[in-house]
There are 2 protein chains.
Amino acid sequence: MTPPPARKSRAADTGLTPSAISALAGELRLACMRISRRVRFESTHVVAPHQFSVLCRLEDAPRTPGELAEIEKVSAPSMTRTVGALVERGLVERTDDPSDRRQVILSLTPDAVSLLKEIRRKRDAWMSVRVSHLTPQEQEILQQASAILTRVANE
Amino acid sequence: MTPPPARKSRAADTGLTPSAISALAGELRLACMRISRRVRFESTHVVAPHQFSVLCRLEDAPRTPGELAEIEKVSAPSMTRTVGALVERGLVERTDDPSDRRQVILSLTPDAVSLLKEIRRKRDAWMSVRVSHLTPQEQEILQQASAILTRVANE
DNA sequence: TATTGTTATACTCTATAACTATA
DNA sequence: TATAGTTATAGAGTATAACAATA
């Protein structure tokens, strides 16, 4: 869903001063990066970051090695290796493309699906514990902020 | 305008339901990780992530290789190598510890100090642009949220 | 001939084990 | 003998270049 555009910068009237915006941006960025880092550290390291990323891409839709390499901004040989490791671990499946036999279709195995679910559960758990320890007022603020941050992250 | 995202009304002193907390935590975590990723991609890759991390530690205070290895959770030989590269690039300086000649004190050079400043400036710029495009009301919410998130990230 | 994917080779970051020098 | 740091060697991930199969 596309929420009403908040693209107009009418900050000149009632918003923050440029230096206040700069300070806020710096603080927010740092907080996000620290939380991100903590979450990554907490959650189990059953798959390496680059492998996890590839699994997430394949969760959206089956893809070819070439597509994955482009999306992940790595070379084709590198993706060949990464995919090879995932296939060996039984997390990714290779299928020949019947329409173009040069291509290979990669998809997740059921094991990978449940592994992703489990990793996300652990990551959310870390955050959940911390959110639950906040006051109702703070939770209220974060709920409003969450929608804004999500929009910022995706734009 | 504050987009009212189907938010359940709650009793003032009870806070969110467990499932609402879980949903909020998941959304917040994801937003933070995406923003973190975007920021890292945007900012120049003049130093590798592990090198940047070490430089930040040394910014707080001069340290020994052993301390750095423990803080960064890498092996001592690995830290020797990382530090070696930084010394070669003129970003870190070695000094013998006069009280215990087995130890080495590592500290930042002036070049490193200005490099860190420049990297942060670029990272903040990415976030600043996005914050400045929000409405004053949204900026207000983020300002309150920022303090809470910072506390969560550091606890 | 162009494209998809793999193999060949090299470089970097990481780790464990062995070594040097101080304490 | 124990500790701080380095070197030796090996295991992954990444890259570029060369190759095989298919279009």
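These numbers were taken from a predicted model, which means no experiment stands behind them. Below, chains carry the letters A, B, ... as their sequence lines are ordered, and counting in each starts from 1.
At least one side-chain heavy atom of A:Asn154 sits less than 4.5 Å from a side-chain heavy atom of A:Thr150. Proximity of A:Glu138 to A:Leu142: side-chain heavy atoms (C-beta onward) are nowhere separated by under 4.5 Å. Residues A:Arg94 and A:Val83 form a side-chain contact, since some pair of their non-hydrogen atoms from C-beta on lies under 4.5 Å apart.
Taken residue by residue, residues 65-73 of chain B places heavy atoms nearer than 4.0 Å to DNA chain D at B:Pro65, B:Gly66. Across residues 78-86 of chain A, A:Ser78, A:Arg81, A:Thr82 each have a non-hydrogen atom less than 4.0 Å from an atom of DNA chain D (numbered order).
Between A:Arg94 and C:dT6, a side-chain N or O to OP1/OP2 separation shorter than 4.0 Å is present.
At distances below 3.5 Å, not a single donor-acceptor pair connects side-chain atoms of B:Gln144 with backbone N or O atoms of A:Ile141. Put simply, the side chain of B:Arg57 never gets that close to the backbone of B:Glu67: no donor and acceptor are under 3.5 Å apart.
The nearest whole Å value for the distance from the CG atom in A:Asp96 to the P atom in C:dT6 is 11 Å. Atom CZ in A:Arg101 sits about 17 Å away from atom C1' in C:dT6, given to the nearest Å. Rounded to whole Å, atom P of C:dT12 lies 11 Å from atom CD of B:Gln51. The nearest whole Å value for the distance from the CZ atom in A:Arg63 to the C1' atom in C:dT4 is 17 Å. Put simply, CZ on A:Phe52 is 16 Å from P on D:dG13, counting in whole angstrom units. When the P atom of C:dT4 is taken as reference, atom CG of A:Asp100 falls 8 Å away, rounded to whole Å. To the nearest angstrom, P of D:dA12 lies 12 Å from CZ of A:Arg89.
Remark: of the listed residues A:Arg130, A:Arg38, A:Arg34, A:Arg130 is the sole one forming a salt bridge (charged side-chain N to carboxylate O under 4.0 Å, His left out) with B:Glu155.
A salt bridge links A:Arg120 to A:Glu59: at least one charged side-chain nitrogen sits closer than 4.0 Å to a carboxylate oxygen. Salt bridge present: B:Asp124 and A:Arg29 bring a charged side-chain N and a carboxylate O closer than 4.0 Å.
Nearest-nucleotide mapping onto DNA chain D: of B:Gln103 and A:Ser99, the residue sitting toward the 5' end is B:Gln103. In terms of position along DNA chain D, the nucleotide closest to A:His50 lies nearer the 5' end than the nucleotide closest to the other residue of the pair A:His50 and A:Arg102.
No hydrogens or angles considered: a donor-acceptor pair under 3.5 Å links the side chains of A:Glu27 and B:Ser146.
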